[in-house]
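Scroll down for the structure; my scribbles are underneath it.
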There are 2 protein chains.
Amino acid sequence: MATEQIPTEAGAGVDRKTALSSSLRHRILTMQIAPGSVLDEIALSEEFGLSRPPVREAMRQLAGEGFIELEANRPARVTSMSYQSLRDFFLVAPLIYAATTRLAAETATKADIAGLREIQASFRQSVEGDDIDGRVFYNDQFHLRIGEVANNPYLLPSLRRLLIDHARIGKIFYRPANAQMQDNLEEACRQHDDIIDAIAHHDADRAEALVRAHLDLSRKNMAMYAAPEGMQVAIGV
Amino acid sequence: MATEQIPTEAGAGVDRKTALSSSLRHRILTMQIAPGSVLDEIALSEEFGLSRPPVREAMRQLAGEGFIELEANRPARVTSMSYQSLRDFFLVAPLIYAATTRLAAETATKADIAGLREIQASFRQSVEGDDIDGRVFYNDQFHLRIGEVANNPYLLPSLRRLLIDHARIGKIFYRPANAQMQDNLEEACRQHDDIIDAIAHHDADRAEALVRAHLDLSRKNMAMYAAPEGMQVAIGV
DNA sequence: CGCCTATCGATTGTAGACAGATTGCCGCTC
DNA sequence: GAGCGGCAATCTGTCTACAATCGATAGGCG
């Protein structure tokens, strides 16, 4: 267990607790830690040079965000996934994604657009390179940022929860399997660009349509067994 | 500080940490602790006979649920509310409430219906009596239970977040001010009954329409300054 | 031979005490 | 007299150590 790889994406050298949280989020999103796995408090405290209480605090927080599940007198486990999860996901995702994207299109500033383009640049780089975890991570960051631009505290919790499993579903299904999937990936990348454009032009209708198509692409990319049509949403603010 | 009043609604004598969480939730929902108030770790640890670490754990959890807000090296504060909050609330609430209610109508079992009726009985009792906190609390429980019946892990986080402010908005505006408001309150109570009926008959369309009307009633019950129309949702599963 | 039970080990939960940061106050200087 | 700087008190963040609970294994009984 000398593998001391600490991928603290934010590079928080001093704040080890933040590093712990970020690292765990990243590992869970990229399935370095599989759904259902147990998390050992002592191992984590040693890895990050902390004692157990702050580790436990971080656990509670991650549990609140939906990354892990806690049970009394039992070890923490990474939130599990099932076929039911997939069904639930594709039922709700269009609803939430469409709503956040619409709101983002209405309120985005130039700084917001710049931030989105920056993330998208990293995503495109991951797509062109062979960085699977990067794709998963920056796709997550992209949609999360849209949610932050939308800036509605009631919508964000569900978006965050969706994004966790969006990343994990992606990690499962977006393997470099065949040429068709590579095409789809590049299509997804173009859709990101188009979504940014629509948001930049405050075109909520187009942004919503694009994000729906974006989700449909994900859905079609995997076996159809778990994919209902999803809720339709028409927003008239 | 001999005031050892422990209003643990669940009466969890042994599990003091659960009692702490439940009590804080209840106090925040009923605005016994006002938005923006600071929470003193030491005072809470003394009140519930705990040391600070478990109190801090509970704080992290409550922060994840949206009840309080944490900042580094600063005291925990109850999540604040603003005019913007009200606007955001009525924009998103119809979307989430409609979706959860539809799903509940599709999946509810007889046991679920019985549970809803039980909560509704307590709500009606609070309405007929003069128990304002009871109204706030059981209305919260009613809609939360519908969310639990819907049983979609991606929808629940936002519903929970909405319900926090639904309760607090209710506490602000549903004072026993005038006869009109009393009428509205009784109307809301009848709507609850109707919603249960619609769910029991698996009539998703009717359930959705009812819950939208239910929210409109809330919206009309207060000054119109903060109330946009809200997003429309049409669900075709 | 199989099932139940009791004890042991390991892990979770908690307590009390210590370092680091922040805020408010007081005194000093201009 | 007003503004700035330093000091102290308080609170947050953390650590070490102890208690309680759970799971597994081994032994005994039917």
Side-chain angles (χ1 to χ4, degrees), chain A residues 1 4 6 8 10-25 27-28 33-80, chain B residues 1 4 6 8 10-25 27-28 33-80:
Chain A
M1 320 317 172
E4 190 78 318
I6 306 180
T8 72
V14 274
D15 194 342
R16 292 165 302 184
K17 193 160 69 174
T18 305
L20 166 63
S21 298
S22 300
S23 179
L24 279 182
R25 282 195 202 94
R27 292 181 199 180
I28 292 172
I33 312 178
S37 305
V38 302
L39 295 175
D40 184 6
E41 293 178 1
I42 297 174
L44 288 173
S45 64
E46 286 174 354
E47 178 179 353
F48 288 88
L50 287 162
S51 67
R52 283 178 50 234
V55 171
R56 289 170 60 82
E57 281 185 32
M59 300 282 230
R60 287 284 176 138
Q61 177 172 354
L62 291 175
E65 294 170 8
F67 286 90
I68 65 178
E69 289 169 340
L70 298 178
E71 218 172 340
N73 294 317
R74 252 168 210 79
R77 288 177 169 277
V78 175
T79 303
S80 57
Chain B
M1 322 336 172
E4 191 76 319
I6 306 182
T8 73
V14 273
D15 194 344
R16 293 164 302 184
K17 193 159 69 173
T18 304
L20 166 63
S21 298
S22 301
S23 179
L24 279 182
R25 283 195 202 92
R27 292 181 200 178
I28 292 171
I33 312 179
S37 305
V38 302
L39 295 174
D40 185 5
E41 293 178 0
I42 297 173
L44 288 172
S45 65
E46 285 173 356
E47 178 179 353
F48 288 88
L50 286 163
S51 65
R52 284 179 50 232
V55 171
R56 288 171 61 83
E57 281 185 32
M59 300 281 229
R60 287 282 175 138
Q61 179 171 353
L62 291 174
E65 295 171 9
F67 286 90
I68 65 179
E69 290 170 339
L70 298 177
E71 217 173 340
N73 294 318
R74 253 171 207 76
R77 288 176 170 278
V78 176
T79 302
S80 56

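In what follows, chains carry the letters A, B, and so on, assigned in the order in which the sequence lines appear, proteins first and then strands, with residues in each chain numbered from 1. All values below come from the heavy atoms of this structure, side chains included, with hydrogens, waters and symmetry mates left out.
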Mind calculating the distance between CD (B/Gln61) and C1' (C/dG13) to the nearest angstrom?
14 Å

Under a 4.5 Å cut-off applied to non-hydrogen side-chain atoms, are B/Thr79 and B/Ile28 in contact?
no

Any donor-acceptor pair under 3.5 Å from A/Ser45 side chain to A/Glu41 backbone
yes

Atom-to-atom span, CG of B/Leu44 to P of D/dC11 - whole angstrom
13 Å

With side chains defined as the heavy atoms from C-beta onward, is the minimum distance between A/Leu24 and A/Leu44 less than 4.5 Å?
yes

Could you tell me the separation between the CD atom of B/Glu41 and the P atom of C/dA15, rounded to a whole number of Å?
14 Å

Separation of C/dT12 P from A/Met59 CE (nearest whole Å)
8 Å

Could I get a table of every N or O pair under 3.5 Å where one atom is in the protein and the other is in nucleotides 7-11 of chain C?
none

I'd like to know if the side chain of A/Ser22 and the backbone of A/Thr18 have a donor-acceptor N/O pair within less than 3.5 Å.
yes

If the sugar-phosphate is the primed atoms plus P, OP1 and OP2 and the base is the rest, what is the B/S/- string for nucleotides 16-22 of chain C, using protein heavy atoms under 4.0 Å?
B----SS

Rounded distance [0.5 Å steps], CE in A/Met59 versus CZ in B/Arg60
13.0 Å

Please give, in whole Å, the distance from D/dT21 C1' to A/Glu71 CD?
14 Å

Between D/dC15 (C1') and A/Lys17 (NZ): distance, integer Å:
13 Å

Less than 4.5 Å apart, side chain to side chain, heavy atoms only: is that true for A/Arg56 and A/Pro53?
no

Could you tell me how far apart B/Arg56 (CZ) and D/dC15 (C1') are, to the nearest whole angstrom?
12 Å

Heavy-atom check, side chain of A/Phe48 versus side chain of A/Pro54, under 4.5 Å:
no

Using distance only, find each side-chain donor-acceptor pair of residues 66-75 of chain A under 3.5 Å and give its atom names and separation, not counting sequence neighbours.
residue : atom : partner : partner atom : Å
A/Arg74 : NH1  : A/Ala72 : O            : 3.3

What heavy-atom pair brings B/Ser37 and B/Ile33 nearest, and what distance separates the two atoms?
CB-CG2, 3.7 Å

Rounded to whole Å, how long is the line connecting atom CD of B/Glu57 with atom P of D/dG13?
14 Å

